[in-house]
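Counting from 1, the numbers follow the sequence of the chain as shown.
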Amino acid sequence: MPRAMLEYTKEILKKVSFDTQLFCRELKKATERLLPYELDELRDFIIRLTQVNPSLKQCMIYLD
């Protein structure tokens, strides 16, 4: 089940990546729901996503 939550979170983040504020809000919620090893995988996913949309880098503060 946790794996499904990680995949669901990635889909949501992809869909809201057009809006930095919304992306940050969803990322913050994800950090409260996911397990530590899932957060590591999510961090890698977001790093790849920020290469396409650099404005999302400011949201990385929620993963530190």
Practice prompt. Mind checking the NZ-CG spacing from K10 to L49? Nearest 0.5 Å is all I need.
Written response: 11.0 Å

Discussion item. Minimum heavy-atom separation for L42 and L27, please, with both atom names.
Written reply: CD2-CD1, 3.8 Å

Item to complete: Sequence neighbours left out, what passes side-chain hydrogen bond (donor to acceptor under 3.5 Å, both in side chains) with K29? Give chain and number order.
Response: E26

Worksheet item: Has the side chain of E7 got a donor or acceptor atom that lies under 3.5 Å from a matching backbone atom of A4?
Response: no

Discussion item. Would you say that more than 12 heavy atoms from the other residues, nucleotides or ligands in this model lie under 6.0 Å from the CZ of F18, or not?
Written reply: yes

Item to complete: Would you indicate whether the side-chain heavy atoms of F23 and D19 approach each other to under 4.5 Å?
Response: no

Worksheet entry | Other residues, nucleotides, ligands: >12 heavy atoms within 6.0 Å of Q21 CD | no

Using residues 55-64 as the side-chain source, report each donor-acceptor pair under 3.5 Å to any protein atom, sequence neighbours left out, with the distance given to one decimal.
{"residue": "S55", "atom": "OG", "partner": "T20", "partner atom": "OG1", "Å": "3.4"}
{"residue": "S55", "atom": "OG", "partner": "N53", "partner atom": "OD1", "Å": "2.8"}

Worksheet entry | Audit row: T9, F45, side-chain contact (heavy atoms from CB on, under 4.5 Å) steps and yes/no | CA-CA 11 Å; T9 300; F45 167 78; over 6 Å; no

Discussion item. Would R33 and E38 count as a side-chain contact (heavy atoms from CB on, under 4.5 Å) here? Give the steps.
Written reply: CA-CA 10 Å; R33 287 191 302 242; E38 293 173 318; over 6 Å; no

Fill in: Separation between CG of L34 and OH of Y8, rounded to the nearest 0.5 Å
12.0 Å

